[in-house]
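Below is one structure; the comments refer to it alone.
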Amino acid sequence: MSAAVLTRWFAVMDSDTPEDILDMIAPEFRFSIVFGTGGGEARDFAGGRAAMEGYLAQREKSVLTHHVLSSATVGGDEHVLGQARRGADFESTFVAVARIDADGKVAALMIGRSPLLDIEA
């Protein structure tokens, strides 16, 4: 079974209007994105809606694309493994897990990414 909400999430993130993901989040939304940059360095973006708005504001728009390699749904949880690419070039491998509420909105989201592990498409 595919992870439809997360797959749509990454498509919106790659669009010219990534802020549209804010329409996909539940009122009690919370998240953590552990953004590894290599060399033992990482940044953790975390919080609720306001923190996600801050994350979106600092993010490069329409530069990276997310490519889902595999996905699954287990109950109300969606899981995705993918690659972020800059043009055709590998940027990082990412994993994402979202808990989807009864209204089909993202209630909790955890994303980890690393440029040091290339899982080939």
Side-chain angles (χ1 to χ4, degrees):
M1 188 184 277
S2 84
V5 174
L6 269 181
T7 299
R8 190 168 70 250
W9 177 283
F10 289 114
V12 172
M13 287 293 284
D14 293 347
S15 76
D16 290 333
T17 55
E19 63 277 2
D20 288 350
I21 64 161
L22 297 172
D23 296 333
M24 299 174 67
I25 64 176
E28 71 282 0
F29 174 76
R30 62 194 195 288
F31 78 99
S32 175
I33 300 172
V34 180
F35 194 92
T37 56
E41 300 295 318
R43 182 157 181 207
D44 190 358
F45 299 90
R49 182 184 183 90
M52 179 55 75
E53 289 170 352
Y55 173 76
L56 291 169
Q58 63 81 46
R59 199 176 166 271
E60 293 177 294
K61 190 186 226 181
S62 300
V63 174
L64 294 177
T65 56
H66 295 84
H67 301 266
V68 173
L69 303 177
S70 64
S71 63
T73 300
V74 179
D77 298 330
E78 294 188 358
H79 308 255
V80 166
L81 168 67
Q83 279 187 341
R85 299 180 191 151
R86 187 176 298 271
D89 296 328
F90 170 82
E91 174 89 4
S92 64
T93 294
F94 68 89
V95 293
V97 179
R99 175 135 307 154
I100 310 303
D101 73 7
D103 295 324
K105 304 271 186 174
V106 178
L109 175 68
M110 175 71 195
I111 299 174
R113 62 91 79 181
S114 174
L116 300 180
L117 176 64
D118 182 357
I119 296 182
E120 295 182 28

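Any value given below was found using the heavy atoms of this structure, including those in side chains, with hydrogens, waters and symmetry copies removed.
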Please say yes or no: joined through hydrophobic side-chain contacts below 4.5 Å, possibly via intermediate residues, are [X] and [Y] part of one cluster?
| X | Y | value |
| --- | --- | --- |
| L117 | L81 | yes |
| L64 | V12 | no |
| V5 | I21 | yes |
| L109 | V68 | yes |
| V34 | F94 | no |

Is it the case that more than 12 heavy atoms not belonging to D44 sit under 6.0 Å from its CG atom?
yes
Give me the atom names and distance for the closest heavy-atom approach of [X] to [Y].
| X | Y | result |
| --- | --- | --- |
| A107 | A26 | CA-CB, 4.0 Å |
| E91 | P115 | O-CB, 3.3 Å |
| V106 | A98 | CG1-CB, 4.1 Å |
| A46 | A51 | O-CB, 3.3 Å |
| S114 | F90 | O-CZ, 4.3 Å |

Validation row: [X], [Y] side chains within 4.5 angstrom (heavy atoms):
| X | Y | answer |
| --- | --- | --- |
| V80 | S71 | yes |
| L56 | L22 | yes |
| T37 | R43 | no |
| T73 | I100 | no |
| I25 | K105 | no |

Rounded to the nearest 0.5 Å, the CZ atom of R59 sits from the CZ atom of F35 at a distance of 8.5 Å
Here the gap from M24 atom CE to F29 atom CZ, rounded to the nearest 0.5 Å, amounts to 10.0 Å
Note: with side-chain heavy atoms under 4.5 Å as the link, the other cluster members for V97 come out as none
Per side chain to side chain contact (heavy atoms under 4.5 Å, CB included), I111 is matched among I33, V95, L6 by I33
Next item on the list: Quick one: sort the Y55 and F45 rings into parallel, tilted or perpendicular, breaks at 30° and 60°.
Entry: perpendicular
